[in-house]
Amino acid sequence: MPPTVPALRIGSHQIWPPVVLAPMSGVTNRTMRALYKPFGLGLTVTEFVSSNALKHTNKRTMEMIDQHGLEKPVSTQLWGDDPATMAAAAKVVRECGADIVDINFGCPAPKVTKTNGGSACLRDVDRCEAIMQAVVDAVDCPVTMKMRLGWSESDLVYIDVAKRAQAVGVQAVTLHARTARQFYKGSADWEHIARLKSAIDIPVIGNGDLEDPHVAMERMRASGVDAIMLGRATLGNPWLIAQIADLMEGREMRSMPSAADRLRYCIVHYRAMVDEWGEARAVPQMRKHVALYLKGIPGAAVLRERIMRIDSADEAIGVIEETIARVEASAMVAA
Ligand SMILES: Cc1cc2nc3c(=O)[nH]c(=O)nc-3n(C[C@H](O)[C@H](O)[C@H](O)COP(=O)(O)O)c2cc1C
């Protein structure tokens, strides 16, 4: 069967399938990106990195832009409100291997917006334009931009900012179809994504609330976007990516693995995190992932509470192994 959608093209990058893993701060480090890539991602994006912090190149900041090598092409995302600082940061991340530089005009977190970064930039579209121009001029790779609809419902600037992006040479735009004021409340409004797609010629990546493979394909078709970006729904469920990739490849969609196999993969994820980041950093980060892999498993609430209190990787993996044995034993009884 032929593919059901075309590849996404950003500069010289042919991105197939047109599925992008959303940048998620504290989540999409190089380990996560490399683990998730083979499920069927065309592109992965780093966590956002402060352009100011990149002036000092401390260890934690450099870890955030580090790549695994398995997950290429990688887009490195920057935030900041000063065009010159953003341009300098773009040069640094390009030298460190970024295939694409992405500008963040979407983050609604107060610690970012209080310094006029992230979505706060959308309150000053001239500044957005100056930042985009400076970054495009600074690097020899494609520059993309990710934004929300605007700061608030009464100030929806996304079409204006996207047109300016296109005019200064930005090569793709991602829209998370909520306002900054909304944070994560309500739902992403894909009508706006469709409107953006018809307003500009550069590729548009649609983002927000894609949780089901068929709904994701339908949203992509109805809005006409060139690619979709998946965030929260992939956590604990990377098989969502594989199912969507199947539909894009024109194959029959695979079914979800059994609960036991999902938990086996959770252990693979856990071990990869411990190997790369050490137990003290991996264990707290893995709590939220384990909680999500446990979704739908009988007794998940009690297990989650147990996992939250455990500080040892071996002990946490032991609890997951016990759960696999229990789930398999009850499946045998039921058969
Ligand atoms: C924990 C978390 C961290 C995030 N960090 C970033 C970030 O660093 N940069 C960014 O552009 N968006 C960030 N986002 C927003 C996501 O990229 C995405 O736009 C949003 O979650 C909506 O997509 P979804 O409904 O598929 O999750 C973050 C979201 C979450 C849940």
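For ligands, and for the atoms within them, numbers begin at 1 and follow the listed sequence.
In this structure, F105 has its ring center at least 6.0 angstrom away from the ring center of W79. Ring centroid separation for the pair H269 and Y293 comes in under the 6.0 Å cut-off.
Comment: R30 engages E276 in a salt bridge, judged by a side-chain N to carboxylate O separation of less than 4.0 angstrom. By the 4.0 Å N-to-carboxylate-O rule, E153 lies too far from R178 to be salt-bridged with it. A salt bridge is defined here as a Lys NZ or Arg NE, NH1 or NH2 lying under 4.0 Å from an Asp or Glu carboxylate O, and D209 with R219 fails to meet this definition. Salt-bridge annotation for R309 and E315: absent, with no side-chain N of the basic residue lying under 4.0 Å from a carboxylate O of the acidic one. A salt bridge is absent between R123 and D155: the closest approach of a Lys/Arg side-chain nitrogen to an acidic carboxylate oxygen does not fall below 4.0 angstrom.
At a 3.5 angstrom cut-off on N or O pairs, G231 counts as close to ligand 1. The distance criterion of under 3.5 Å between nitrogen or oxygen atoms is not met by E47 with respect to ligand 1. An N or O contact shorter than 3.5 Å is missing between R178 and ligand 1 by distance.
Scanning the protein for heavy atoms near atom 1 (C) of ligand 1, the closest one is S25 O, 4.0 Å. Nearest protein neighbour of atom 21 (O) of ligand 1, counting heavy atoms only, is Y184 CE2, 3.5 Å. Protein heavy atom at the shortest distance from atom 19 (O) of ligand 1 is N207 OD1, 2.6 Å. Protein heavy atom closest to atom 9 (N) of ligand 1, with residue, atom name and distance, is Q77 OE1, 2.7 Å. Residue, atom and distance of the protein heavy atom nearest to atom 12 (N) of ligand 1 are K146 NZ, 3.0 Å.
By the side chain to side chain donor-acceptor pair (under 3.5 Å) test, E129 is found to be paired with R164, residues two or more places apart in sequence or in another chain being considered.
Heavy atoms of W79 stay at 4.0 angstrom or farther from ligand 1.
Only side-chain heavy atoms of N104 come within less than 4.0 Å of ligand 1; its backbone N, CA, C and O stay farther off. Counting heavy atoms closer than 4.0 Å to ligand 1, residue H176 contributes side-chain atoms (C-beta onward) but none from N, CA, C or O. The backbone and the side chain of R232 each have at least one atom closer than 4.0 Å to an atom of ligand 1 (non-hydrogen atoms only).
With distances taken over non-hydrogen atoms, the option nearest atom 13 (C) of ligand 1 out of P23, P108, A233, G106 is P23.
Under the 3.5 Å distance criterion, with hydrogens and angles disregarded, no donor-acceptor pair is assigned to the side chains of S119 and W151.
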